[in-house]
Amino acid sequence: MTLEAQPFDFCMDVGHTALVIIDMQRDFIEPGGFGASLGNDVSLLSAIVPACQAVLAVWRVAGGLVVHTREAHRIDLSDCPPAKRNRGRPSLRIGDVGPMGRVLVAGEPGNQIIPELAPLVGEIVIDKPGKGAFYATPLHELLAQRHVTHLIFMGVTTEVCVQTTMREANDRGYDALLLTDCTESYFPQFKAATVEMVHAQGGIVGWTAPSAVLLAALQRQAA
Ligand code: TIU
């Protein structure tokens with residue numbers, strides 16, 4: 001199918017494309033989590049949840065591969081560099097006990113994906129120690145095994161984990177599309193700048209489009 005995107009059409013087929021949902025975790029989206037502890041207004045991020053739900057529902061019906069990621073460290077923090085833990089002197093450090101359990105530690109309540117976008121059995125869930133979902137994870141191998149060549153991105157935050165992962169994907173040879181109304185930042189100007197820098201220079205990192213374009217194409221295909 002062909003999607004009208006920036007900087008030009010994005011051509012893909014569902015069988016070789018994964019929907020990658022980055023870090024839609026309670027720690028980033030709900031009050032009292034890690035995002036809030038960094039001084040961020042988390043209400044900005046929850047606004048994209050309905051649009052993400054709509055895409056996920058239609059993508060599942062189309063039979064597309066779904067990948068969820070979580071920024072999650074091992075319980076002994078052996079995969080958390082001290083530089084990451086200590087940066088910025090936050091009131092809550094990674095591994096400290098906060099209102100939703102240990103911050104960014106696998107298995108803790110705050111580390112879970114929000115219920116509205118909870119993974120289904122059989123969907124890929126990647127726990128990642130970095131901002132990019134390819135660093136120190138099996139993601140590339142899992143996608144290669146399934147002959148995935150194209151990625152569609154949603155999630156948070158646009159300029160941190162989403163952009164880092166798109167750049168990693170670009171260097172690994174994937175064509176990637178960012179759904180502009182399904183990603184958000186604590187800083188609206190950073191989201192806007194990221195969307196522009198992804199599709200600038202002839203798609204130097206990838207493509208961008210509103211989710212309505214994908215939904216319409218999937219509905220046309222189903223008809
Ligand atoms: N998932 C993700 O983007 N992690 C962050 O820490 N983002 C911030 O913007 N802080």
Side-chain angles (χ1 to χ4, degrees), residues 19-49 51-52 56 67-74 77 79-96 98-106 108-114 116-119 124-137 139 151-170 176 178-195 197-198 205-206 208:
L19 176 66
V20 183
I21 310 170
I22 301 287
D23 298 3
M24 292 296 286
Q25 297 165 250
R26 299 183 63 203
D27 263 327
F28 295 117
I29 292 169
E30 295 184 7
F34 181 59
S37 82
L38 295 174
N40 297 306
D41 173 7
V42 296
S43 68
L44 282 167
L45 271 53
S46 53
I48 67 165
V49 171
C52 293
L56 180 57
V67 176
H68 306 260
T69 73
R70 297 183 291 216
E71 189 168 345
H73 292 280
R74 295 191 197 124
L77 303 187
D79 59 356
C80 183
K84 182 177 182 184
R85 187 156 192 267
N86 296 330
R87 185 87 45 84
R89 299 188 191 165
S91 57
L92 277 178
R93 286 170 206 270
I94 294 167
D96 288 350
M100 291 197 286
R102 294 182 68 202
V103 171
L104 293 190
V105 171
E108 297 289 328
N111 203 239
Q112 304 309 309
I113 291 168
I114 58 170
E116 296 92 326
L117 298 169
I124 296 173
V125 181
I126 298 286
D127 278 348
K128 61 185 184 62
K131 302 306 185 199
F134 288 89
Y135 169 67
T137 75
L139 180 57
L151 304 174
I152 298 174
F153 280 95
M154 313 198 292
V156 297
T157 60
T158 315
E159 80 282 11
V160 183
C161 293
V162 175
Q163 179 170 214
T164 301
T165 304
M166 283 192 80
R167 289 176 181 276
E168 288 182 326
N170 191 38
L178 176 62
L179 298 180
T180 50
D181 53 329
C182 298
T183 184
E184 196 47 84
S185 170
Y186 300 120
F187 306 89
Q189 72 273 28
F190 289 173
K191 173 184 171 176
T194 301
V195 168
M197 71 178 77
V198 162
V205 176
T208 67

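Nothing here was measured: the structure is a model prediction, and the numbers come from that model. One-based numbering, in listed order, for ligands and for the atoms of each.
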For ligand 1 and D23, I'd like to know whether there is a polar contact (N/O to N/O, distance under 3.5 Å). yes
Ionic contact status for K128 with E168, cut-off 4.0 Å: no
Would you kindly specify which portion of T157 sits under 4.0 Å from ligand 1, judged on non-hydrogen atoms: side chain, backbone, both or neither? both
What atoms of ligand 1 come closer than 4.0 angstrom to any heavy atom of E71? 1 (N), 2 (C), 4 (N), 5 (C), 6 (O)
Going through the checks in order, is the side-chain contact (heavy atoms from CB on, under 4.5 Å) test met by Q112 and R70? CA-CA 8 Å; Q112 304 309 309; R70 297 183 291 216; 3.6 Å; yes
Hey, are T183 and T158 close enough side-chain-wise for a donor-acceptor pair under 3.5 Å? yes
For atom 10 (N) of ligand 1, the protein heavy atom that lies nearest, with its residue and separation: L38 CD1, 3.9 Å
Within-cut-off N or O pair, C161 and ligand 1, under 3.5 Å: yes
So is K131 close enough to ligand 1, meaning a heavy atom under 4.0 angstrom away? yes
Which bit of V156 gets closer than 4.0 Å to ligand 1, counting heavy atoms only: side chain, backbone, both or neither? backbone
Mind running side-chain contact (heavy atoms from CB on, under 4.5 Å) on V42 and I29 for me, showing each step along the way? CA-CA 5 Å; V42 296; I29 292 169; 5.9 Å; no
What is the distance from atom CG of N111 to atom CG of D23, rounded to the nearest 0.5 Å? 9.0 Å
So CG of L178 and CE of M166: to nearest 0.5 Å the spacing works out to 5.0 Å
Minimum-distance protein heavy atom relative to atom 5 (C) of ligand 1: F28 CE2, 3.6 Å
